[in-house]
There are 2 protein chains.
Amino acid sequence: MNVHLVLICVYSMNKKELILKTTLHLVNRHGFYHLSMKELAETAGISAGTTYLYFDSKESLINELYKNIIIEFNGKVLKGYEKGRSFRSNYFDMMNNAVDYYIKNPECFSFIEQYTYSPFIFKETQEENLAILEPIQKIIKEAKKEKMVKELPETLLIALSYGPIVSMMKLFMAGRTDLKTKTTKEQLLEACWKAVSI
Amino acid sequence: MNVHLVLICVYSMNKKELILKTTLHLVNRHGFYHLSMKELAETAGISAGTTYLYFDSKESLINELYKNIIIEFNGKVLKGYEKGRSFRSNYFDMMNNAVDYYIKNPECFSFIEQYTYSPFIFKETQEENLAILEPIQKIIKEAKKEKMVKELPETLLIALSYGPIVSMMKLFMAGRTDLKTKTTKEQLLEACWKAVSI
DNA sequence: CAAAACTAAATGAACGTTCATTTTTTTGAT
DNA sequence: ATCAAAAAAATGAACGTTCATTTAGTTTTG
C-alpha cells in the first residue's frame, strides 16, 4: 500500500517535473510571449490535456515554476550562510553560490528576470517579485545592525550586491564576457564586497 | 505646397506617436504577453486597421518602439559627456542623466528590461540588445585606456556601473526604496563611482 | 476489474491582419 | 472664396488561424 502510493507519487512527480522543465526550456526559447500549451505538450511528448491534470492553467503553471526556482535558488544561496561566522565569509559564500547557481542554470536566471517584469502575474505573487533578494537582504540587514557595512540605505547595499551580478550574467549570456573562470568571478565578488563593506 | 507637406507630416507623426505611446503604456500594464492589437486600437481611440497603416506588424511596432527609446535614452545620457572634461565629471553627469531618465520615464525602463529578455525579437536587433550600455561602455573604454579606472575587465566595470542602477530602479518601482531625493541618488552614483574609479 | 492516468478530438473565444468601403483632406480650376 | 474631383487616411467587419481549455473515450496500472 505505502509502496504503491510512493511509486505513484514519484511517477507523477516525474511527469510534473517534465512539464515544468519543458516550460522553462520553451520560455527561454520563445519567451512568455510565445509559450503555447500545444507546443509545450508536443515538446514534452505528452498530450495537450495532460498538462491540465497537473496544473490549473497556463498562468498557474508559470507561477508554480517561478516559485520552485525561487525556492531552489534561495536554498542554494542560504547554504553559504552559517550563523556566527564572519559577515565577510557569509557574504562571499552566499554571493558565490548565487553566481554559481545562475551560471549552472542560465535558463532559471533568464526566467526569473522575465517573470519579474511580467505584469500578468497573480496578485499573490506581486509582492513575491523581490523574493529573489531575500537571502542577500537577510545578511545585509544583520551586517547593518552590527555596523559592518557602509552607512547607506539597505536597498542601496542590496542593489550594489545583486545588480552587478545580474548585469554580468546578462553580458555573460550574450557572449560578451567570461564568468566561468575563477578570476572573473572572484573579481566580481571582490568588487561587490568592496562596495558594501567598510 | 510646402506648408501642406509639413502639415501632413506633423499630423501623421502625431498618430504614429500616439500608437507608440499607447503601446508603451499597455506593455507596462499587461506585458508583452498580453498586448492585444485590438485593445491597443481601442485605448488609442483609433480603428484596428489604422495601426497597420503605420506599422507592418505587431512585432515591428514593438521593435520600433524599442529603437526609439534606446535612441532617446542614449541621447540624453550622452548629453552628460563633454570631450576633454575629466573622467569623473563625465561619469557623474552621464550616470546622473541615466538615472534621471529612468525616474522620469519608468515605463521606458520597464519596457527596455522586458524587451531585453524577450526572445521573439527580430534577428537584426538581437545584437542591439545591449545597445543601452553603449554610452557607459564608451567612457569606461576611454577611462581604461588612460588607466583612470580599476584594472578589471571592461564588462565588469560596466556591470558595476549599470547593474546597481537597474536594481535600484526595480526596488524604486516596487515602492521599496526612495530614489527621487537628491541624497539617495547621490549615494547611488557615489557608490558606483567608488566601485570603478581608482 | 476498478481506479487512475492519459490521449486525442472538439470547443469557442481571441488573436493578428486584411480589405472593401467610408470619411476626411488636398487640389486646382473657376 | 468656392467646389467638385482626386487623393489620402481611417474605418470596422470579416478572415483564417491559433489559442487555452474541456470532454469523452482509451490505455495503463495495481
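Within every chain, numbering begins at 1; the chains are lettered A, B, ... in the order of the sequence lines, protein sequences first and strands thereafter. From a predicted model like this one, the values you see are computed outputs, not experimental measurements.
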Are any side-chain N or O atoms of A/Asn96 and backbone N or O atoms of A/Phe92, one a donor and one an acceptor, separated by less than 3.5 Å? no

Counting the benzene-type ring for Trp, do B/Tyr102 and B/Phe73 have ring centres under 6.0 Å apart? yes

Only residue of B/Arg85, B/Glu142, B/Lys83, B/Lys138 satisfying side chain to side chain donor-acceptor pair (under 3.5 Å) with B/Asn90 is B/Arg85

May I ask you to say whether B/Glu64 pairs ionically with B/Lys16, meaning some side-chain N is under 4.0 Å from a carboxylate O? yes

Taking OP1 and OP2 of D/dA10, is either one under 4.0 Å from a side-chain nitrogen or oxygen of B/Tyr54? yes

Rounded to whole Å, the NZ-C1' distance (B/Lys15 to C/dT24) equals 11 Å

I'd like to know if B/Ser47 reaches the base of D/dA10 with its side chain, counting only an N/O donor and acceptor under 3.5 Å. no

Interatomic distance where CG belongs to B/Leu53 and P belongs to D/dT11 [whole Å]: 9 Å

Pair A/Ser47-A/Thr50, side-chain donor/acceptor within less than 3.5 Å: no

B/Asp100 bridged to B/Lys185 by N-O distance under 4.0 Å: yes

Please list each protein N or O that sits under 3.5 Å from an N or O in nucleotides 15-21 of chain D, with the distance.
residue	atom	partner	partner atom	Å
D/dA20	OP1	A/Leu35	O	2.9
D/dA20	OP1	A/Met37	N	3.4
D/dA20	OP1	A/Lys58	NZ	2.8
D/dA20	OP2	A/Met37	N	2.7
D/dT21	OP2	A/Tyr52	OH	2.3
D/dT21	OP2	A/Lys58	N	2.9
D/dT21	O5'	A/Tyr52	OH	3.1

A/Lys16 NZ to C/dC6 P, straight-line distance once rounded to whole Å: 13 Å

Is the phosphate of C/dC6 approached by A/Thr50 (side-chain N or O, under 4.0 Å from OP1 or OP2)? no

